[in-house]
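It should be emphasised that the depicted structure is a prediction, and the values quoted were computed from it without experimental measurement.
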Amino acid sequence: GRVLPDGGFKRPRLYLFPDHEPARVFCTSGTTGEGRGRAAYSARGLELMRTSILRNAQRSIVHDLEKPVIVRLVPSEQDAPEMVMAYGMQQIAEAFGDPELSACAVSPSGFDFARLRRGLDAASAGGQPAVLIGGSFAFVNLCDRLEAEGRSWRLPAGSRVVDAGGFKTRSRHVDVDTLR
């Protein structure tokens with residue numbers, strides 16, 4: 001097959017099936033200065049992406065966990081329907097996470113620390129592993145807030161943090177070792 005550089009998704013209207021309407025369109029954030037790119041998916045393309053996300057998550061994130069508490073540091077898919085990261089992380093949480101305790105810790109008004117606390121408190125109290133997944137900048141904000149509050153958790157064995165992406169053009173950059 002052919003490889004398409006990621007720059008192709010920053011151009012308008014990349015779509016390989018002009019005779020069918022896209023089933024879903026995701027947009028880039030526009031933070032690279034090239035405007036908001038769009039990536040349109042056919043129904044089969046969307047299912048292929050979903051399958052790829054879930055297989056990779058099963059292999060790399062939750063392979064040895066049974067229904068962990070998955071706390072997503074992104075908006076929900078409902079709140080951010082054009083954000084591919086929100087879509088992918090919601091697919092992971094619905095397929096593998098504890099349906100009662102897994103949640104988004106970002107709402108339209110910002111971080112929802114009460115929701116984050118509920119999930120991590122429940123995981124800690126019940127000995128259930130937790131998976132925190134989000135973009136790098138979300139983790140920086142989270143760490144700043146927790147440090148300011150003097151708050152931390154001792155999460156159960158098997159818990160993990162999944163950093164899903166870089167800082168782009170954010171005003172503050174933290175190197176990977178410092179973030180860890």
Side-chain angles (χ1 to χ4, degrees), residues 1-32 34-108 111-112 115-116 118-120 122-123 128-139 142 158-168:
R2 293 183 178 170
V3 176
L4 179 68
D6 66 350
F9 293 100
K10 298 180 189 296
R11 308 250 185 313
R13 304 300 295 168
L14 173 66
Y15 187 61
L16 302 177
F17 307 98
D19 53 332
H20 293 92
E21 283 296 311
R24 188 81 184 259
V25 176
F26 296 104
C27 294
T28 64
S29 62
T31 56
T32 59
E34 297 181 26
R36 289 194 77 194
R38 294 168 43 93
Y41 285 81
S42 67
R44 288 184 66 200
L46 191 61
E47 184 55 33
L48 178 62
M49 180 172 63
R50 182 181 181 281
T51 299
S52 176
I53 288 167
L54 294 180
R55 286 195 180 158
N56 187 42
Q58 190 170 35
R59 183 178 59 249
S60 305
I61 300 171
V62 297
H63 60 89
D64 57 346
L65 302 178
E66 181 68 32
K67 297 293 181 191
V69 175
I70 298 180
V71 178
R72 304 178 319 269
L73 306 182
V74 296
S76 70
E77 183 181 7
Q78 179 180 347
D79 290 337
E82 293 182 338
M83 183 182 199
V84 73
M85 191 181 287
Y87 169 81
M89 289 182 191
Q90 187 153 327
Q91 298 302 309
I92 293 167
E94 288 175 357
F96 304 114
D98 180 305
E100 300 295 319
L101 300 174
S102 296
C104 283
V106 176
S107 71
F111 249 101
D112 185 339
R115 192 177 286 169
L116 174 86
R118 276 192 303 273
L120 297 184
Q128 185 175 5
V131 175
L132 276 78
I133 184 169
S136 303
F137 201 68
F139 280 108
L142 174 61
S159 295
R160 47 203 67 152
V161 171
V162 180
D163 180 355
F167 292 91
K168 296 192 181 184

K.L.:
Please enumerate all residues that pass salt bridge (Lys or Arg N to Asp or Glu O under 4.0 Å) together with Arg115, with sequence neighbours excluded.
P.N.:
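Counting only residues at least two positions away or on another chain, Arg115 forms a salt bridge (Lys or Arg N to Asp or Glu O under 4.0 Å) with Asp112.
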K.L.:
Output, in order, the C-alpha distance, side-chain angles, deciding distance and verdict of side chain to side chain contact (heavy atoms under 4.5 Å, CB included) for Val106 and Asp79.
P.N.:
CA-CA 9 Å; Val106 176; Asp79 290 337; over 6 Å; no
K.L.:
side-chain hydrogen bond (donor to acceptor under 3.5 Å, both in side chains): which pairs involve residues 87-96, sequence neighbours left out?
P.N.:
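The answer is Arg50-Gln91, Gln90-Glu94.
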K.L.:
Can you list every pair that meets side-chain hydrogen bond (donor to acceptor under 3.5 Å, both in side chains) and has a residue in residues 62-72, with sequence neighbours left out?
P.N.:
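Every side-chain hydrogen bond (donor to acceptor under 3.5 Å, both in side chains) pair that includes a residue of residues 62-72, provided the two are not neighbours, is Asp64-Arg160.
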K.L.:
Residues in side chain to side chain contact (heavy atoms under 4.5 Å, CB included) with Ser107, at least two apart?
P.N.:
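Only Ser109 meet the side chain to side chain contact (heavy atoms under 4.5 Å, CB included) criterion with Ser107.
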K.L.:
Give the minimum heavy-atom separation between Ala123 and Val69, together with the two atoms involved.
P.N.:
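Result for this residue pair: CB-CG2, 3.9 Å.
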K.L.:
Please identify each residue that fulfils side chain to side chain donor-acceptor pair (under 3.5 Å) with Ser52, with sequence neighbours left out.
P.N.:
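Result, side chain to side chain donor-acceptor pair (under 3.5 Å) vs Ser52: none returned.
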K.L.:
Are any side-chain N or O atoms of Arg24 and backbone N or O atoms of Pro81, one a donor and one an acceptor, separated by less than 3.5 Å?
P.N.:
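Yes: the side chain of Arg24 pairs with the backbone of Pro81.
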K.L.:
How long is the gap from CE on Met83 to OG on Ser76, to the nearest 0.5 Å?
P.N.:
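Spacing of CE (Met83) from OG (Ser76) equals 10.5 Å.
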K.L.:
Arg44: which residues meet the side chain to side chain donor-acceptor pair (under 3.5 Å) condition with it, sequence neighbours left out?
P.N.:
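Applying side chain to side chain donor-acceptor pair (under 3.5 Å) to Arg44 gives none.
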K.L.:
Before giving the answer on side chain to side chain contact (heavy atoms under 4.5 Å, CB included), spell out for Leu46 and Phe26 the whole-Å C-alpha distance, their side-chain angles and the decisive distance to 0.1 Å.
P.N.:
CA-CA 11 Å; Leu46 191 61; Phe26 296 104; 4.0 Å; yes
K.L.:
For Arg59, what residues pass the side chain to side chain donor-acceptor pair (under 3.5 Å) criterion, not counting sequence neighbours?
P.N.:
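Listed in chain order: Asn56.
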K.L.:
Taking all heavy atoms of Ile92 and all of Ile61, pick out the closest pair and write down the distance.
P.N.:
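So the two residues come closest at CD1-CD1, 4.4 Å.
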K.L.:
Measuring from Phe111:CZ to Leu116:CG, what's the distance to the nearest 0.5 Å?
P.N.:
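If I round to the nearest 0.5 Å, the distance is 7.0 Å.
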K.L.:
To the nearest 0.5 Å, what is the distance between CE on Met49 and CG on Leu54?
P.N.:
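Reported value, rounded in 0.5 Å steps: 10.5 Å.
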K.L.:
List the atom of Pro129, the atom of Ser159, and the distance in Å for their closest heavy-atom pair.
P.N.:
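That would be CA-OG, 3.5 Å.
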K.L.:
Can you list everything that forms a side chain to side chain contact (heavy atoms under 4.5 Å, CB included) with Ser102? Sequence neighbours excluded, please.
P.N.:
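For Ser102 the side chain to side chain contact (heavy atoms under 4.5 Å, CB included) partners, ignoring immediate neighbours, are Ile70, Asp98.
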K.L.:
What is the minimum heavy-atom distance between Asp163 and Phe139, and which atoms define it?
P.N.:
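Minimum heavy-atom contact is CA-CE1, 4.0 Å.
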K.L.:
Restricting to non-hydrogen atoms, name the atom on Ala86 and the atom on Ala80 that form the minimum distance, rounded to 0.1 Å.
P.N.:
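Looking at all heavy atoms of both residues, the shortest contact is CB-O, 4.0 Å.
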K.L.:
List the atom of Ala57, the atom of Phe96, and the distance in Å for their closest heavy-atom pair.
P.N.:
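Taking Ala57 first and Phe96 second, the nearest heavy atoms are CB-CE1, 4.1 Å.
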